[in-house]
Each structure stands twice: as C-alpha cells, then as structure tokens.
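Step one of this worksheet: look at the structure below.
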Amino acid sequence: MTYTTTSPEQTHALAARLAKSLHAGDVLCLYGGLGAGKTAFTKGLAEGLGILDTVTSPTFTIVCEYRSGRVPLFHYDVYRLGGSAGLEDTAFYDYLEGGGVVVVEWAQLVEDALGENVAPGRRVNVTITQDSNGGTTRRIHIERGDA
C-alpha cells in the first residue's frame, strides 16, 4: 500500500497507526535517502507502541533501545557500518530474538543479513520517497513480506 503525506506530522501519524499492528519479532526495513523521513517515521512507530522515551537517530550509536512501550523497540541506523559484517559487533542477531520490534534504517546496506535472518512474515518493508523539490511531501510504500 502506498500513502502520501504532506507534513512530518502526517508521516508520524501514519507510522503510529502502523505500530498498532506490530508485534514482537517484527522487523521494519526502512528504505529512503538522506532526509527522507526515516527517523520521523520511527518516532511515530514509537508513539504507536506506547514508548514514552524521546526517540533520536542512532546515527553514531548504531542502535538505540526503547523499552517503555507495549513491546520494546530496537532502532538501528546501519549507515556507518559498511555492510552486514559490521552487524556482528552490534548484537543485531540477538535483537532479532529479543522480543521487540526492530527498525533498520538504511536497510539496503544490510539486505543480505536481513534476507537470511528475517522470516518474510515478520518483515515489513517501508520505502520513503521525498518529493523531488525537497518539500515535505513523502510517498510511503509499506508492504509486509520480503519483496
């Protein structure tokens, strides 16, 4: 399903609605360029999961844990890892079994690890495309499974 949002608030609200259907063990693979809205989307997911903590981008820490919601949220930004080999040092595979929802920003960079370790029924692909003029309009394509 593809949605169009015209503000960060709408992107946030869409993600919060999606979160209501998520369960422990689900892995959200976020695709989109720099500034597409991946972290804003994750903030909406966190709100929808009932997480009370302030969600920030894990760009330099690689992973942030949020445990105050109905299920934990493990938020990855793999941009700086240099590929799937770097996941070994981040406990990524433990998080997949950690009883929470895992969000992976820049999922295309670790596609091989995701394909090998995430069951299609647990995977949700989210592709966020920013308006070509750099505005606030986003096209957000969401599909469950490994497409």
Approximate separation, where rounding is to 0.5 Å, of [X] [atom1] and [Y] [atom2]:
X      : Y      : atom1 : atom2 : result
His141 : Ile128 : NE2   : CD1   : 12.5 Å
Glu47  : Leu52  : CD    : CG    : 10.5 Å
Ile142 : Arg17  : CD1   : CZ    : 8.5 Å
Ser68  : Asp53  : OG    : CG    : 4.0 Å
Leu109 : Ser84  : CG    : OG    : 8.5 Å
Leu30  : Thr127 : CG    : OG1   : 9.0 Å

- Message: Check this for me, if you would: do Arg123 and Glu111 make a salt bridge, where the nitrogen-to-carboxylate-oxygen distance has to be below 4.0 angstrom?
- Response: yes

Taking [Y] as the starting point, is it possible to reach [X] by hopping between hydrophobic residues whose side chains are less than 4.5 Å apart?
X      : Y      : answer
Leu28  : Trp106 : no
Leu34  : Val126 : no
Leu18  : Leu49  : yes
Val104 : Val124 : no
Val27  : Leu73  : no

- Task: Take Leu96 and Phe74 through the side-chain contact (heavy atoms from CB on, under 4.5 Å) test and state the conclusion after the steps.
- Result: CA-CA 9 Å; Leu96 291 177; Phe74 308 120; over 6 Å; no

- Check Gly99 against Pro72 and note the closest heavy-atom contact, atom names and distance. O-CD, 3.4 Å

- Query: Considering all heavy atoms of both residues, which atom of Ile140 and which atom of Leu14 are nearest to each other, and what is their separation?
  - Reply: CD1-CD2, 3.8 Å

- Message: Do Phe92 and Ile62 make a side-chain contact, defined as non-hydrogen atoms from C-beta onward lying under 4.5 Å apart?
- Response: no

- Do other residues, nucleotides or ligands put more than 12 heavy atoms under 6.0 Å from the CD atom of Glu97? no

- Message: One pair to check against side-chain hydrogen bond (donor to acceptor under 3.5 Å, both in side chains): Glu105 and His75. What are the steps and the verdict?
- Response: CA-CA 8 Å; Glu105 291 191 31; His75 180 198; 2.6 Å; yes

- Going through the checks in order, is the side-chain contact (heavy atoms from CB on, under 4.5 Å) test met by Tyr93 and Leu87? CA-CA 8 Å; Tyr93 302 102; Leu87 290 173; 3.9 Å; yes

- Task: Return the orientation label for the Tyr76 and Tyr95 ring planes: parallel under 30°, perpendicular over 60°, tilted otherwise.
- Result: perpendicular

- Item | Those residues that, when tested against Thr11, pass side-chain hydrogen bond (donor to acceptor under 3.5 Å, both in side chains) (two or more places apart) | Thr5

Has the side chain of [X] got a donor or acceptor atom that lies under 3.5 Å from a matching backbone atom of [Y]?
X      : Y      : value
Arg70  : Gly50  : no
Thr137 : Asp131 : no
Arg122 : Ala24  : yes

- Message: Go through it in stages, so that I can follow the logic: the residues are Asp26 and Arg144, the test is salt bridge (Lys or Arg N to Asp or Glu O under 4.0 Å), and I'd like the CA-CA distance, side-chain angles, deciding distance and then a yes or no.
- Response: CA-CA 10 Å; Asp26 285 340; Arg144 190 170 276 279; 3.4 Å; yes

- Decide yes or no on side-chain hydrogen bond (donor to acceptor under 3.5 Å, both in side chains) for Gln10 and Tyr3, but give the supporting numbers first. CA-CA 10 Å; Gln10 286 182 354; Tyr3 304 87; over 6 Å; no

- Applying ring-ring contact (aromatic ring centres under 6.0 Å, His included), which residue pairs with at least one partner in residues 12-56 are found, sequence neighbours left out? none

